[in-house]
Amino acid sequence: MSTPSFPGTRLRRNRTDAWTRRLTAENVLSTGDLIWPIFIMDGENTISAVPSMPGVSRVTLDRLVGHVEHAAKLGIPALALFPMTPPSLKDAEGTEAKNPENLICRAARLLKREFPDFGLVGDVALDPYTDHGHDGVIRGDYVANDDTLEILQIQSVIQAEAGIDIIAPSDMMDGRVARIRAALDAKGLIHTRIMSYAAKYASAFYGPFRDAVGSGKALRGDKKTYQMDPANSDEALREVAMDIAEGADMVMVKPGMPYLDIIRRVHDTFKVPTFAYQVSGEYAMIAGAADRGWIDRERAMMESLLAFKRAGCAGVLTYFAVEAAEVLRRG
Amino acid sequence: MASLIEEEERRRGRNMRPGFTRPWEPAMSAGDPRDIDALRAQRAEVDAMLGFRYAEDAHQKARAWWRLVQARRARSAIQVTELPPLPAPPPGALTFAQKILARFGRFRPERATVPPYLR
């Protein structure tokens, strides 16, 4: 590529008017790129705020339909469901994860009945259900990979049978995508997709999420023996390669903004639908700074979401989904 | 694969409490059984409430209302705290006699029987 030179070339020309800026935009964010994560809880007639995530709420099932109706009208394609499991149902083995009457399954049945066109993403991992807060079962002092896989298979099957369209294993156990795919196929659930949290880092940005699902205080130790080291990039490609080979239909990088380089590498290397999770800590940073008047909430939100598209994402899981869709509708 | 849950049940069967039939039940005993029973009763009532709210026609709605009444009855037996009021019976849910009682404020759904045509 020859180097353009001034004054023959003035790159500012194309930035002169709004219409040329639109015309020459290399990336565009649309409502179809958004997945909205929502928190569900037991109880009745309650919508409770998550203090560390201003603007985000947990809802009981009887308020769920009303809660998501607006998102459906805006054309958001999919919801990701996360349960806040009552402490009395948590145990060391995360057995509530296998209960076909657990919060996720009941919510999925309800949402599929009321909004059959909504895509539903089901989180598969044990941390919302274990009293120790880890994503798998513990043997000795180690999160046991292979014992956890058996539970994840059952969890995936019951979620898919309840109406979940996309199984999203977020546990980072080795070999889970292959085992889940086999379990789904054996049940004839061949159209259930798998979006693997392929490159999920042991990150400090998950704190507010753990408040929202009530797993933060319960967590003993950290997750560094199964989630990725933030120092690593090549390892992410190996993780993604394995998940694709095992049957993942889409892959995800989590968190999002601090790992845009990983998204770019994954997208360029594999050319598979790649998603980012703009996690709770990222959301809280923008929302918190905006609440204090330090940044413009709407502009920072839209800029952060566009950054994911620029990095190569097919879509983004974001707590801003509804707000962003409203902005996009306004134009 | 068809029997993943059954396999799990068999494998863990020796640890299961009598009367429970699913593998997640014994582990739930880690919590206070009364809390768990109350939670289950609440979940059953919420499901019944949703069935009532989204019933498609008048007959279904009337039947769903009685299911809700039954769920409340079961829940009241476990939970002593004050519970939110149930929705009013929809048209067609009460017999003529029940309607008369309701008009005079004497109808108690928790003690009433389901009309035969809604069973």
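These numbers come from the heavy atoms of this one structure, side chains and all, not from hydrogens, waters or symmetry mates. Here is the naming used below: chain letters follow the sequence lines, and residue numbers restart at 1 for every chain.
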Calculate, to the nearest 0.5 Å, the distance between atoms CE and CD belonging to B:Met49 and A:Glu44 respectively. 7.5 Å

Taking all atoms of both residues into account, what is the closest heavy-atom pair of A:Asp62 and B:Leu50, and its distance? CA-CD2, 3.7 Å

Check whether any side-chain heavy atom of A:Asn45 sits under 4.5 Å from a side-chain heavy atom of B:Pro84, and report yes or no. no

Are more than 12 heavy atoms, taken from residues, nucleotides or ligands other than B:Tyr117, located less than 6.0 Å from that residue's OH atom? yes

Give, as side chain, backbone, both or neither, the part of A:Leu110 having an atom under 4.5 angstrom from any heavy atom of chain B. side chain

Out of curiosity, B:Arg43 CZ to A:Arg106 CZ, how far, rounded to the nearest 0.5 Å? 5.5 Å

Chain B contact via A:Arg113 - side chain, backbone, both or neither, heavy atoms under 4.5 Å: side chain

Is A:Leu103 in contact with chain B via its backbone, its side chain, both, or neither, using a 4.5 Å heavy-atom distance? both

Tell me if the CZ atom of B:Arg103 is crowded by more than 12 foreign heavy atoms within 6.0 Å. no

Working to the nearest 0.5 angstrom, can you tell me the gap between A:Leu89 CG and B:Asp35 CG? 9.5 Å

If you take all heavy atoms of A:Ser88 and B:Ile36, which pair is closest and at what distance? O-CD1, 3.6 Å

Kindly determine whether A:Thr60 and B:Val46 satisfy side chain to side chain contact (heavy atoms under 4.5 Å, CB included), including the steps that lead there. CA-CA 9 Å; A:Thr60 52; B:Val46 169; over 6 Å; no

